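Everything on this sheet refers to the single structure shown next.
None of the values given here were measured: they were computed from a predicted structure. So that the names make sense, note that chain A is the first sequence line, chain B the second, and so on, each numbered from 1. The figures here come from the full heavy-atom set of this structure, side chains too, leaving out hydrogens, waters and symmetry mates.
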2 protein chains.
Amino acid sequence: MERVYNFSAGPAMLPVEVLKEAASEMLNYKNTGMSVMEMSHRSKDYEMILDEAENNLRKVMNIPDNYKVLFLQGGGSQQFAMVPMNLMKNKEADYIVTGVWAKKAFNEAKMYGKANLVASSEDQQYSYIPDCSNLNISKKADYVYICENNTIYGTKFWKLPDTKGKILVADQSSCFLSEPVDVSKYGLIFAGAQKNVGPAGVVIVIIRDDLISEEVYPATPTMLRYKTHSDAKSLFNTPPAYGIYICGKVFKWLLDNGGLQERKIKNEEKAKLLYDYLDNSKLFKPTVRKDSRSLMNVTFITESDELNEKFIKEAKLEGLINLKGHRLVGGMRASIYNAMPLEGVKALLAFMKKFEEENI
Amino acid sequence: MERVYNFSAGPAMLPVEVLKEAASEMLNYKNTGMSVMEMSHRSKDYEMILDEAENNLRKVMNIPDNYKVLFLQGGGSQQFAMVPMNLMKNKEADYIVTGVWAKKAFNEAKMYGKANLVASSEDQQYSYIPDCSNLNISKKADYVYICENNTIYGTKFWKLPDTKGKILVADQSSCFLSEPVDVSKYGLIFAGAQKNVGPAGVVIVIIRDDLISEEVYPATPTMLRYKTHSDAKSLFNTPPAYGIYICGKVFKWLLDNGGLQERKIKNEEKAKLLYDYLDNSKLFKPTVRKDSRSLMNVTFITESDELNEKFIKEAKLEGLINLKGHRLVGGMRASIYNAMPLEGVKALLAFMKKFEEENI
């Protein structure tokens, strides 16, 4: 079998150029006589890989100098604890809950202080982003928390909430690097690598340096303090070195291919193809309100579970893989991250049209 | 340049067969049309990889059924906190400090209760393992903690401490899978993958199931509870999936090559070659007391820093890489994990002899 079009929500497709390069360097990275997996993280060769990865990410995202870039472990789920443990100085924070991951973060935060629910879209199964232009932001809140793109439900903040001067913390896992962002609007951004960047096991944290301090929740483990990793430049202990190396290749690939401005154009083009079709289909229905639709995760259904299942099964036979929706919501989901080529979306679209004709 | 003999303390050499297989599967794993890096961790294909890795590790180590195997993130350093957060029910534990890593674990534990220092070899720069046959074990101690092989100093426990009935917790990072162990003697074993198993970013925890409970230190992050990962079979959130896949290949490689009994023979043979030479050399001196020497990390010095440096530099030109001792101790260190072939040790030995002749 050839390479498939993999619509997985993450881990997800990586640029084929990146994989080819990684394969060719597996036994001997740039004449070092070893794989990057075998390389001491304290060696000059590895430090260059790490520095280059950070510098290229800074270029790609235009990250201001007063922000630190950290490569950590534990995924978004560990950030759900690290954020309040490190940032809840007043023991209070405001959460906007627009999906499962935001809710998990909200519940985790309750262990470390008062977490206030200031907006939610749970009333309609998280199928939209609530109006966040005039929220009841708490006076004492240390930050306002969002999950910027909801992988499971396929929603996205098209406008950031008005935090009324409070720090904005964003889980960008599934929209990271999908379009330009103004980093200076955030206090902290984190993103698991396994959607748009690289292999699972790396989480990238971009944090404004004045938010990094020794003052943390009592008995916060050394490994869960941002200061530990910031002081050590992501080399406090052995980092997920091979994962970072792959992330670095993806940052380079982005730079070589027009950066985030070009990604935005490409991603909008891909998403528009699907949403335009879904809005006019007699068989398929999009599940998300028009103003809240994700560019990365396109969710849709047919009229019945049986037909959904048939669709997913037949699509798989055509090399269109992992179109099943998240187990919590059912239906279908096409995740179309940066590495999903336009041809993949066109192939999906052609198959959907054919399926509609046959099953209407 | 061909592949080098890489004596790095970790990340370290991996079996070349494993790397070749990984390279060949990089773009298309077993006809799935995707890389393991791109594979949903909830897919059947990935579940098979994870199950097979666990099952093969169970076979290799002969792990009893009442022990859970967990694949986690954060390395040994995160275990330094997870162990006391999860196991210090009486708020007390005994630590044997035989090196930097044990001391870090000891200091981290103090955040969560009373950590008692019951033995130490700090008086002689950790160059030996203290007698642990009759320690002053605390009545209330929940466990006794050791770092079984000290990567930096090159020591190893040849006999486990008498814990007087208390649970033994062992950081086996740098001796994991180097020889057979009786798992039933331990309550918990953990090991960072990057020495003897796979790429950095995976830490393996083997824990007796009665030690896994909901009763943990207050406000322990969800991700830092063994129960979280045990209940979810290492799939609570996205695991370091590619790293686990490589670990699985190494477990298979061990099974195909005589298991741990054969490793012990091979590792003893390699270490003996070096120690026998060091004990008789006029130029090089081993730094560790005879009864405490590691099979994995062989530490030695010459009479001067200049000569050490010259040795390290000239060795590198011969393709004998990363022989520099840890920055805290200086001198030289040859880490000869499972994947270091006998030929590599022989090449080092030949070079040492030549260097001795030229520099005595």
Margin query: Looking at chain A, which one of B:A339, B:G198, B:G201, B:A81 has the largest number of heavy-atom pairs inside 4.5 Å, strictly under?
Written below: B:G201
Next item on the list: Find the one option among B:E25, B:Q73, B:R327 whose heavy-atom pairs under 4.5 Å with chain A are most numerous.
Entry: B:Q73
Check: Contact part of B:P84 toward chain A, heavy-atom cut-off under 4.5 Å: side chain, backbone, both or neither?
Finding: neither
Check: Testing A:H41, A:M39, A:M37, A:E38 for side chain to side chain contact (heavy atoms under 4.5 Å, CB included) with B:P11, which one passes?
Finding: A:H41
Check: Quick check: are there more than 12 heavy atoms from other residues, nucleotides or ligands sitting under 6.0 Å from NZ of A:K233?
Finding: no
Check: Could you give the distance from CD (A:Q194) to CG (B:N237), rounded to the nearest 0.5 Å?
Finding: 8.0 Å
Margin query: For B:Q78, which atoms come within 4.5 Å of any heavy atom of chain A: side chain, backbone, both, or neither?
Written below: both
Margin query: So for B:L72, is it side chain, backbone, both, or neither that comes closer than 4.5 Å to the heavy atoms of chain A?
Written below: neither
Note to self: Does any backbone or side-chain atom of A:P218 lie under 4.5 Å from a heavy atom of chain B? Answer side chain, backbone, both or neither.
What the structure shows: neither
Note to self: What part of B:A22 gets within 4.5 angstrom of chain A, counting heavy atoms only: side chain, backbone, both, or neither?
What the structure shows: both
Check: What part of B:K324 lies closer than 4.5 angstrom to a heavy atom of chain A: side chain, backbone, both or neither?
Finding: neither
Item checked: Side chain, backbone, both or neither of B:Y46 within contact of chain A (heavy atoms, under 4.5 Å) -> neither
Checklist line | CE on B:M34 to OG on A:S8, rounded to 0.5 Å | finding: 7.5 Å
Item checked: Partner chain A: residue of B:A23, B:G74, B:G75 with the largest heavy-atom pair count (under 4.5 Å) -> B:G74
Checklist line | Under 4.5 Å from a heavy atom of chain A, the part of B:M85 involved | finding: side chain
Check: If you draw a 6.0 Å radius around NZ in A:K313, do more than 12 non-hydrogen atoms from other residues or ligands fall strictly inside?
Finding: no
Check: Checking B:I244 against chain A: side chain, backbone, both or neither under 4.5 Å from a heavy atom?
Finding: neither
Notebook entry, point to check: Should B:M223 and A:S77 count as side-chain neighbours, where that means a heavy-atom distance under 4.5 Å?
Noted result: yes
Next item on the list: Please check if atom NZ in A:K110 has more than 12 non-hydrogen atoms from other residues, nucleotides or ligands closer than 6.0 Å.
Entry: yes
Notebook entry, point to check: Within a strict 4.5 Å, meaning less than it, do heavy atoms of the A:L224 and B:L224 side chains meet?
Noted result: yes
Note to self: Using heavy-atom distances under 4.5 Å, tell me whether B:T220 contacts chain A through its side chain, its backbone, both, or neither.
What the structure shows: backbone
Note to self: Taking side chain as everything from C-beta outward and backbone as N, CA, C, O, which of these in B:F236 sits under 4.5 Å from a heavy atom of chain A? Side chain, backbone, both or neither.
What the structure shows: side chain
Margin query: Please identify, among B:A9, B:G192, B:P240, the residue contributing the most non-hydrogen atom pairs under 4.5 Å to chain A.
Written below: B:P240
Note to self: Show the nearest heavy-atom pair for residues A:Y217 and B:A219, with the distance to one decimal.
What the structure shows: OH-CB, 3.7 Å
Next item on the list: State, to 0.1 Å, how close A:P239 and B:A200 come at their nearest heavy-atom pair, and which atoms those are.
Entry: O-CB, 3.2 Å
Item checked: B:V16 side chain near A:L27 side chain, heavy-atom distance below 4.5 Å -> yes
Checklist line | Best-contacting candidate, A:G10, A:S24, A:P221, A:P199, against chain B by heavy atom pairs under 4.5 angstrom | finding: A:P221
Next item on the list: Side-chain contact test, heavy atoms from C-beta onward, threshold under 4.5 Å: evaluate it for A:S40 versus B:F7 and give yes or no.
Entry: no
